[in-house]
Structures are given as C-alpha cells and as structure tokens.
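Accompanying notes for the structure given below.
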Amino acid sequence: MNEFKHARDEYESTPIPEELDSRVRAGIRQGEMGSRTKRHGFRWGIGVAAACMVMVGGLNVSPTFAAAASDVPVLGGLFQILTVRNYDAEDGQVNQHVSVPEVDAKGDLAQQVNAEIQERVDAHLAQAQQVWEDYHDAFIATGGTEDEWSQREMNVDVNYEIKSQTDTTVSFVVTMTQDMFDAYNEQTYYNLDIAADKDITLADVLGEDWVNICNAAVQTYIDQDTTGLFFSADEGGFTTVDEATSFYLNEDGSVTLVFPEYTIAAGAAGIVEIPVAG
C-alpha cells in the first residue's frame with residue numbers, strides 16, 4: 001500500500017509539458033464524452049475486440065443476489081445474475097479491476113443484454129488501452145521522458161451493482177471507468193422483467209402520465225436545491241425526461257432517475273440521482 005501511495009504521489013507531482021494538454025485533448029477526447037450515463041435499450045454498432053488481457057474465471061453467483069434468492073425459491077429457478085469475468089490484472093502500468101455480470105435466464109432478453117454488456121466491456125478495455133498508448137505518444141512528443149512516463153499509471157475498472165430484485169425482475173447498473181488524463185465514467189442501467197422477457201420502462205412503473213410525473217419530481221428537486229449548480233433551461237439544463245432517460249428501481253419498487261455529469265448541473269454535482277414518488 002505504501003509503495004502504491006508513493007508511486008501515486010510521484011505520478012501526480014511529475015511535471016507535464018506545456019503543450020501536452022492541448023495535444024492530448026485533441027487526439028484522445030475526439031468522440032469521447034468524458035462521463036456518460038446510459039440506459040439499456042439500444043445496441044452499439046461497434047465491432048471492437050478487447051485489446052487488453054482477459055481472464056475468465058468460474059461463474060460466481062453475486063453474493064447480494066444469492067442471499068435474496070435463498071429467501072425466494074422461485075427466483076433461483078427463473079434467473080440468476082452471474083459474475084462471468086472477475087479479475088485483477090496488471091499489464092505494465094495499466095491496472096485492470098474487472099467484474100462483469102451475466103443474466104442467466106431463458107428468453108431473448110437475457111441473450112441480448114449479455115451480448116450488449118460483453119460488447120460494451122470489450123470496447124471499454126480496448127479504448128482504455130488506446131488512450132494509454134496515445135497519451136504516451138503525446139507525452140514523449142511534447143518533451144516528456146520515458147523515465148518520467150514510467151512513474152505514471154492508469155486504473156481501468158468494470159463493476160456492477162444490483163439495485164433491486166424480485167422473483168421476476170431485476171434492476172442493476174454496470175459501471176466502467178478509467179482515470180487517465182480525463183476521468184472516464186460510463187454507467188448503463190438495466191431494468192428487466194424476466195418473466196415477460198422485456199425491458200421495464202418508466203411507463204410500466206408510473207403509468208401513462210410518466211413524463212409529467214418525472215418532470216414534476218425533477219423540477220421540485222431543482223427548486224429545492226441550494227447549491228446553485230443546476231443549469232437553467234437557457235444554459236442547456238433540464239427540460240424534460242424522455243424514453244432515453246436512465247433510471248433504476250429501488251427495493252420498494254419506486255423509481256430513481258439518473259442524469260450524467262454536466263447534463264443538468266455543473267460537474268461538481270456529479271451524477272445526479274432524483275427519486276420519483278409513484
């Protein structure tokens with residue numbers, strides 16, 4: 001731990017050539033949004049294979065979900081959330097911490113979700129490796145030395161969290177991050193009705209008037225805010241929810257809306273989560 005802290009301190013104190021910031025941003029951030037929150041319901045059209053080492057371990061039932069399943073016998077027979085890739089690895093100065101879920105259930109929905117998660121994770125690992133290589137090239141090109149570069153490192157993470165589950169439904173989020181240059185944070189939310197073999201929508205939970213219900217909850221939240229971080233509508237802030245708005249279901253069945261950094265508030269607000277009363 002001390003060695004890690006020492007290396008981290010050296011990394012943060014290493015001088016950065018003046019031209020590096022603009023050169024790297026121009027090359028690396030092209031097409032990258034920095035921090036993104038996504039909702040399941042569409043597929044990437046990117047055929048990217050992982051450029052980083054992948055170690056596939058045995059299937060491990062999520063402890064949180066396994067505990068719940070033990071109290072709901074039907075759940076174990078209908079579906080499980082399995083950890084299909086779970087490893088820590090070092091590839092030079094790149095540290096990977098990966099835990100990837102899979103929905104073990106019959107029906108097309110589980111297969112579609114699993115394929116999407118696999119595709120997103122592979123693309124994330126490949127992108128992180130490319131960012132590392134591009135940053136290295138720019139660092140050296142702008143006057144940095146290999147010795148200075150050797151003090152740097154990048155952490156690449158993939159993880160997931162189950163927000164809620166019943167005997168027929170599950171709500172979970174897959175989070176992917178990397179901390180090189182500009183921190184990258186992408187969250188994808190999955191709300192699944194396994195019995196019906198379909199995605200759960202806000203309309204399913206809140207009814208036909210879901211747009212107005214959500215908009216009222218968001219506006220009330222903003223009106224009560226005292227930080228001054230929320231953008232006005234004229235500044236590109238909140239206007240309305242739509243079918244692409246991310247959300248998850250809580251244990252009591254209520255909805256929490258999720259807005260990425262910089263979408264409705266300044267970056268200091270982070271990812272904004274707003275509860276919605278049914």
Side-chain angles (χ1 to χ4, degrees), residues 33 35-45 64-65 68 72 75 78-79 81 101 103 105 107-117 119-120 159-176 185-225 229-233 236-265 269-278:
M33 295 178 65
S35 174
R36 297 177 288 179
T37 306
K38 297 179 181 293
R39 174 188 166 190
H40 167 63
F42 59 90
R43 297 291 309 281
W44 281 13
T64 301
F65 201 77
V72 188
L75 186 61
L78 188 60
F79 74 103
I81 303 297
V103 182
D108 293 337
L109 178 63
Q111 301 306 312
Q112 292 170 1
V113 167
N114 293 338
E116 179 179 301
I117 292 174
E119 190 173 15
R120 289 186 184 279
N159 212 330
Y160 71 96
E161 178 186 359
I162 297 175
K163 294 294 188 178
S164 66
Q165 68 279 313
T166 70
D167 58 345
T168 60
T169 66
V170 63
S171 182
F172 66 97
V173 56
V174 177
T175 300
M176 297 181 289
N185 184 342
E186 178 180 304
Q187 293 182 303
T188 306
Y189 289 83
Y190 297 88
N191 302 289
L192 313 177
D193 186 332
I194 303 298
D197 200 33
K198 66 183 289 290
D199 290 305
I200 299 172
T201 67
L202 287 168
D204 292 333
V205 183
L206 300 174
E208 294 183 358
D209 198 34
W210 65 274
V211 172
N212 290 328
I213 292 173
C214 289
N215 285 348
V218 175
Q219 193 58 56
T220 298
Y221 188 91
I222 293 174
D223 291 343
Q224 294 175 348
D225 173 71
L229 294 174
F230 283 89
F231 303 136
S232 67
F238 178 76
T239 54
T240 184
V241 298
D242 57 30
E243 293 181 351
T245 301
S246 295
F247 72 95
Y248 62 84
L249 301 178
N250 299 290
E251 292 289 354
D252 62 0
S254 64
V255 168
T256 295
L257 302 174
V258 185
F259 297 91
E261 289 178 300
Y262 303 104
T263 54
I264 66 172
I271 295 172
V272 179
E273 297 191 354
I274 300 177
V276 178

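For reference, positions follow the sequence shown, starting with 1.
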Closest approach of [X] and [Y], non-hydrogen atoms and distance?
X	Y	answer
F79	D167	CE2-O, 3.9 Å
A110	A105	CB-O, 3.6 Å
P101	V174	CG-CG2, 3.9 Å
A217	P275	CB-O, 3.9 Å

Sidechain-backbone polar pair: [X] side chain, [Y] backbone, donor-acceptor under 3.5 Å:
X	Y	answer
D108	D197	no
N215	T240	no
D242	T245	yes

Sorted by chain and residue number, the side-chain contact (heavy atoms from CB on, under 4.5 Å) partners of T263 (sequence neighbours excluded) come out as F259, P260
Across all chains, not counting sequence neighbours, the side-chain contact (heavy atoms from CB on, under 4.5 Å) partners of E273 are Y189, Y248, T256, V258
*Modelled atom types, side-chain donor and acceptor of S171 and N191, under 3.5 Å*: yes
Open item on the list: Distance alone, cut at 3.5 Å: any donor-acceptor contact between the side chains of N159 and T175?
Closed with: no
Rounded to the nearest 0.5 Å, how far does [atom2] of [Y] lie from [atom1] of [X]?
X	Y	atom1	atom2	value
T169	L249	OG1	CG	7.0 Å
N212	W210	CG	CH2	10.0 Å
I222	F230	CD1	CZ	5.5 Å
L202	I213	CG	CD1	10.0 Å
E119	N114	CD	CG	12.5 Å
L109	D193	CG	CG	8.5 Å

T239 meets the side-chain hydrogen bond (donor to acceptor under 3.5 Å, both in side chains) criterion, sequence neighbours left out, with none
Between V205 and V276, does a side-chain contact (heavy atoms from CB on, under 4.5 Å) hold up when you go through it step by step?
-> CA-CA 11 Å; V205 183; V276 178; over 6 Å; no
Residue pairs meeting salt bridge (Lys or Arg N to Asp or Glu O under 4.0 Å), one or both in residues 203-215, sequence neighbours left out, come to K198-D204
Report the C-alpha separation of V255 and N250 in whole Å, then their side-chain angles, then the decisive distance to 0.1 Å, and conclude whether the side-chain contact (heavy atoms from CB on, under 4.5 Å) test is met. CA-CA 6 Å; V255 168; N250 299 290; 5.8 Å; no
Mind checking whether [X] and [Y] have side chains closer than 4.5 Å, heavy atoms only?
X	Y	value
D199	L192	yes
C214	L206	yes
I194	T168	no
I271	Q187	yes
V272	Y221	yes

Could you give me the CA-CA distance, side-chain angles and deciding distance for Y160 and I81, then say whether side-chain contact (heavy atoms from CB on, under 4.5 Å) is met?
CA-CA 11 Å; Y160 71 96; I81 303 297; 3.9 Å; yes
Inset, instruction - Might you confirm whether atom CD of Q219 has over 12 heavy atoms from other residues, nucleotides or ligands at distances under 6.0 Å? - result: yes
Residue set satisfying ring pair (Phe, Tyr, Trp, His ring centres under 6.0 Å) with F247, at least two apart, ordered chain then number -> none
For E161, the salt bridge (charged side-chain N to carboxylate O under 4.0 Å, His left out) test, sequence neighbours excluded, returns K163
request  = List the steps and the verdict of side-chain contact (heavy atoms from CB on, under 4.5 Å) for T188 and R120.
outcome  = CA-CA 9 Å; T188 306; R120 289 186 184 279; 3.8 Å; yes
